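To start, the structure itself, in C-alpha cells.
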Amino acid sequence: MPQFIELTGPESAELSAGSVAVLPLGAIEQHGPHLPLSTDFTVASATAEAAVAAAGDAFWLLPALPFTKSDEHAWSSGTIWLSWDTVMRMLVDIGNSLAASPVRRLVFVNGHGGNSALLQVACRELRRRFGFHTFLMHPGVPADQGGASPASELGMGVHGGLTETSVMLHLRPDLVHLDRAVRSVPEALTAYEYIGFGKQVSFGWLSDDFGTDGTIGDPTGANAELGKQLFEAGVEKCAAALREVARFEVG
C-alpha cells in the first residue's frame with residue numbers, strides 16, 4: 001500500500017509531478033444507538049485504502065482525518081467536531097504543506113455528508129492558492145445530495161440508515177448493535193414538493209430535528225451481504241475515478 005507518510009523526506013521530493021495524494025475524511029459523531037461514533041471514519045478510510053490499492057501506481061494515501069465538521073450532531077454526547085473555519089484552515093495548511101512536494105493533484109475521499117459543501121469550497125481555494133488539481137469523491141453519493149436511498153426510507157436515508165448500517169455490518173460487525181436499530185424516517189417531509197433531501201431546495205437541519213435517537217433512515221433491514229455489495233461497488237467506482245484523476249486536464 002503506497003502510504004505517503006512511509007516515504008522519507010528526500011523520497012517525497014522525488015515523486016513525479018503526476019503523483020496523486022488521496023486524503024480520506026471521516027467524522028467522529030453519533031450514529032444513533034446502533035452504530036459507533038467512528039462510522040464515517042471507518043467507511044472513508046477503508047474505501048480510500050482499497051481504492052488506492054486497486055487504482056495502480058502514482059497514488060499516495062494520506063492519513064485519514066477523523067475530526068471534521070460535524071456540528072449538526074453537536075447536541076449528542078460522543079460527537080467531536082471542528083468548526084467550519086477550523087476545518088478550512090486545516091485543509092489549506094495541508095495544501096500549503098503538500099505544495100513543497102512535487103504533488104499537484106489532491107483528492108478528498110469524503111465519508112461524511114456534512115463535509116461536502118465545505119470540501120467543494122476547499123477544492124477551489126486550493127486550486128486558486130497553490131495551482132492544485134483538486135477533486136471530491138464519496139464512497140457513495142449521500143441521499144441528501146441527490147444519491148439513491150431505498151424506497152423503504154422514502155429517499156431520506158441520510159444518517160445511520162439501511163446502506164450505512166449494512167456497510168458497517170460488512171466492515172466492522174463487532175461494532176454494530178442491530179438489535180437497537182429503530183426506523184426513524186421523517187415522513188412529514190413528503191408533504192413538500194420542492195424542499196427536502198436531494199430535492200430542488202435544500203434546507204438547514206440538525207440531526208435532532210427529526211427525533212432524539214439521531215437516526216435518519218431505516219436501519220432495521222440492514223445486512224452484511226448488502227453492505228459487501230455496496231462497499232465493493234464504491235471501491236470500484238472510486239478506483240476508476242482515481243485513474244481518471246491522474247489524467248484529468250481542464251482543457
Side-chain angles (χ1 to χ4, degrees), residues 1 3 22-53 61-82 108-116 137-144 147 149-150 152-153 156-185 206-208 210-238:
M1 169 59 61
Q3 302 259 9
V22 179
L23 176 61
L25 296 96
I28 305 300
E29 62 185 30
Q30 73 81 26
H31 270 76
H34 59 293
L35 289 178
L37 301 170
S38 61
T39 294
D40 291 345
F41 179 76
T42 298
V43 174
S45 300
T47 301
E49 182 174 340
V52 166
L61 186 66
L62 296 170
L65 297 180
F67 307 127
T68 55
K69 185 185 176 295
S70 297
D71 51 336
E72 67 269 37
H73 307 289
W75 58 271
S76 173
S77 174
T79 300
I80 301 176
W81 60 278
L82 304 178
F108 299 127
V109 178
N110 178 40
H112 168 50
N115 290 330
S116 298
M137 64 178 70
H138 299 81
V141 179
D144 58 335
S149 179
S152 63
E153 296 178 310
M156 292 184 275
V158 303
H159 191 70
L162 176 68
T163 58
E164 199 165 31
T165 303
S166 294
V167 171
M168 284 300 288
L169 280 169
H170 168 60
L171 293 175
R172 290 298 306 270
D174 55 311
L175 298 180
V176 180
H177 307 280
L178 201 56
D179 58 313
R180 304 176 191 170
V182 177
R183 174 183 170 85
S184 182
V185 176
L206 305 175
S207 58
D208 60 341
F210 313 105
T212 55
D213 81 343
T215 305
I216 310 172
D218 185 3
T220 57
N223 63 85
E225 180 57 34
L226 174 60
K228 182 175 186 290
Q229 294 172 8
L230 291 169
F231 177 74
E232 291 180 350
V235 168
E236 182 178 356
K237 289 180 180 179
C238 284

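Note that this is a predicted model, so its numbers are computed, not measured.
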E236 atom CD, over 12 foreign heavy atoms within 6.0 Å: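 Not buried by this count: 12 neighbours or fewer within 6.0 Å.
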Please answer whether the main-chain N or O of [Y] pairs with a side-chain N or O of [X] as donor and acceptor at a distance below 3.5 Å.
{"X": "Q30", "Y": "G214", "result": "yes"}
{"X": "H170", "Y": "L230", "result": "no"}
{"X": "T79", "Y": "A74", "result": "no"}
{"X": "H177", "Y": "P33", "result": "no"}
{"X": "T215", "Y": "S184", "result": "no"}
{"X": "S207", "Y": "E72", "result": "yes"}
{"X": "T220", "Y": "V182", "result": "no"}
{"X": "E153", "Y": "L162", "result": "yes"}

Among side-chain atoms of N115 and T68, is any donor-acceptor pair under 3.5 angstrom?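 Yes, side-chain donor-acceptor contact under 3.5 Å.
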If we count only N and O atoms by modelled type, under 3.5 Å, do the side chains of S116 and N110 hold a donor and an acceptor together?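 S116 vs N110: donor-acceptor pair found between side chains.
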Quick one: closest heavy-atom pair of [X] and [Y], and the distance?
{"X": "I28", "Y": "S38", "value": "CD1-CA, 4.2 Å"}
{"X": "A181", "Y": "P219", "value": "CB-CG, 3.6 Å"}
{"X": "H112", "Y": "S70", "value": "NE2-OG, 3.6 Å"}
{"X": "T165", "Y": "A222", "value": "CG2-CB, 3.5 Å"}
{"X": "D213", "Y": "W75", "value": "C-CH2, 4.4 Å"}

So how far is it from [X] [atom1] to [Y] [atom2], rounded to the nearest 0.5 Å?
{"X": "H159", "Y": "D40", "atom1": "NE2", "atom2": "CG", "answer": "7.0 Å"}
{"X": "L61", "Y": "S45", "atom1": "CG", "atom2": "OG", "answer": "8.0 Å"}
{"X": "L65", "Y": "L25", "atom1": "CG", "atom2": "CG", "answer": "4.5 Å"}
{"X": "L62", "Y": "F108", "atom1": "CG", "atom2": "CZ", "answer": "9.5 Å"}
{"X": "Q229", "Y": "S166", "atom1": "CD", "atom2": "OG", "answer": "9.5 Å"}
{"X": "D218", "Y": "T163", "atom1": "CG", "atom2": "OG1", "answer": "11.0 Å"}

With the side chain counted from C-beta on, respond yes when V176 and L35 share a heavy-atom pair under 4.5 Å apart, and no when they do not.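 They are in side-chain contact.
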Pairs of donor and acceptor atoms involving the side chains of residues 46-53, under 3.5 Å and at least two apart or interchain, shall be tabulated with distances.
| from | atom 1 | to | atom 2 | distance (Å) |
| --- | --- | --- | --- | --- |
| T47 | OG1 | V43 | O | 2.8 |

